[in-house]
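What follows is a set of notes on a single structure, which appears directly below.
Numbering of residues begins at 1 and proceeds along the displayed sequence.
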Amino acid sequence: MKNLLILLFLFTFSVHFNYGQKVHAVEYENQADIKVFVVQYENQADLKVFKVNYENQADGNEGKWFFTNYPNQAKKKVFFVKYQNQADIKVFFVKYQNQAGWLNRAKMHLLY
């Protein structure tokens with residue numbers, strides 16, 4: 001019984017932290033967990049995002065996003081707004097994985 005509890009705890013722990021930043025872009029604002037605005041310049045962003053091709057590449061809360069096909073597969077549902085003042089978070093999409101990361105750490109809690 002003790003081994004079963006330990007195994008269950010480890011499984012839960014690993015699933016929670018390997019979940020990564022799987023996001024799904026929703027069609028309507030009221031379906032979203034977070035409203036996102038894409039800025040034109042890197043220095044305007046709260047988060048620099050790199051779009052990964054595979055789910056296992058989206059690790060932690062480091063700006064590596066994997067876009068899912070279905071909302072129930074995502075950790076967060078995002079809605080892309082038209083105006084900056086409507087957004088919870090401002091992002092800038094980068095070309096290289098090593099450029100991803102937070103510029104405004106005060107907003108990190110939004111993606112946990």
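Sorted by first and then second residue, the side chain to side chain donor-acceptor pair (under 3.5 Å) pairs with a member in residues 83-99 form an empty list; sequence neighbours excluded. Identified under the salt bridge (charged side-chain N to carboxylate O under 4.0 Å, His left out) test for residues 44-53, with sequence neighbours left out: Glu42-Lys48, Asp46-Lys107.
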Set out, in order, the CA-CA distance, both residues' side-chain angles and the distance that settles side-chain contact (heavy atoms from CB on, under 4.5 Å) for Leu47 and Leu111, then state yes or no. CA-CA 11 Å; Leu47 175 63; Leu111 290 173; 3.7 Å; yes
Applying side-chain contact (heavy atoms from CB on, under 4.5 Å) to Leu103 and Phe92, what does each step give before you reach the verdict? CA-CA 10 Å; Leu103 295 175; Phe92 179 79; over 6 Å; no
Report the C-alpha distance between Val81 and Phe79 in whole Å, list the side-chain angles of each, state the deciding distance to 0.1 Å, and finish with yes or no for side-chain contact (heavy atoms from CB on, under 4.5 Å). CA-CA 6 Å; Val81 295; Phe79 178 75; 3.7 Å; yes
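Of the inter-residue distances, the one linking Lys22 atom NZ with Asn56 atom CG reads 10.5 Å to the nearest 0.5 angstrom.
The two residues Ala100 and Gly63 come nearest to each other via the heavy atoms CB-O, 3.8 Å.
Within the 4.5 Å cutoff, no side-chain heavy atoms of Lys64 are placed close to those of Gln57. Side-chain contact check for Gln73 versus His24: every heavy-atom pair is 4.5 Å or farther apart.
A donor-acceptor pair is defined here as one N or O able to donate and one able to accept, closer than 3.5 Å; such a pair exists between the side chain of Lys76 and the backbone of Tyr112.
Ring geometry, Trp65 versus Phe93: the interplanar angle exceeds 60°, so the pair is classed perpendicular (tilted spans 30 to 60°).
Following chains of ILVMFWY side-chain contacts shorter than 4.5 Å, one can reach Phe66 starting from Phe50, so the two form part of one hydrophobic cluster. Hydrophobic clustering (side-chain heavy atoms under 4.5 Å, transitive across Ile, Leu, Val, Met, Phe, Trp, Tyr) groups Val23 together with Ile89. Connection of Met108 to Val78 is established within a shared hydrophobic cluster, with ILVMFWY side chains joined at heavy-atom distances below 4.5 Å, either directly or through further cluster members.
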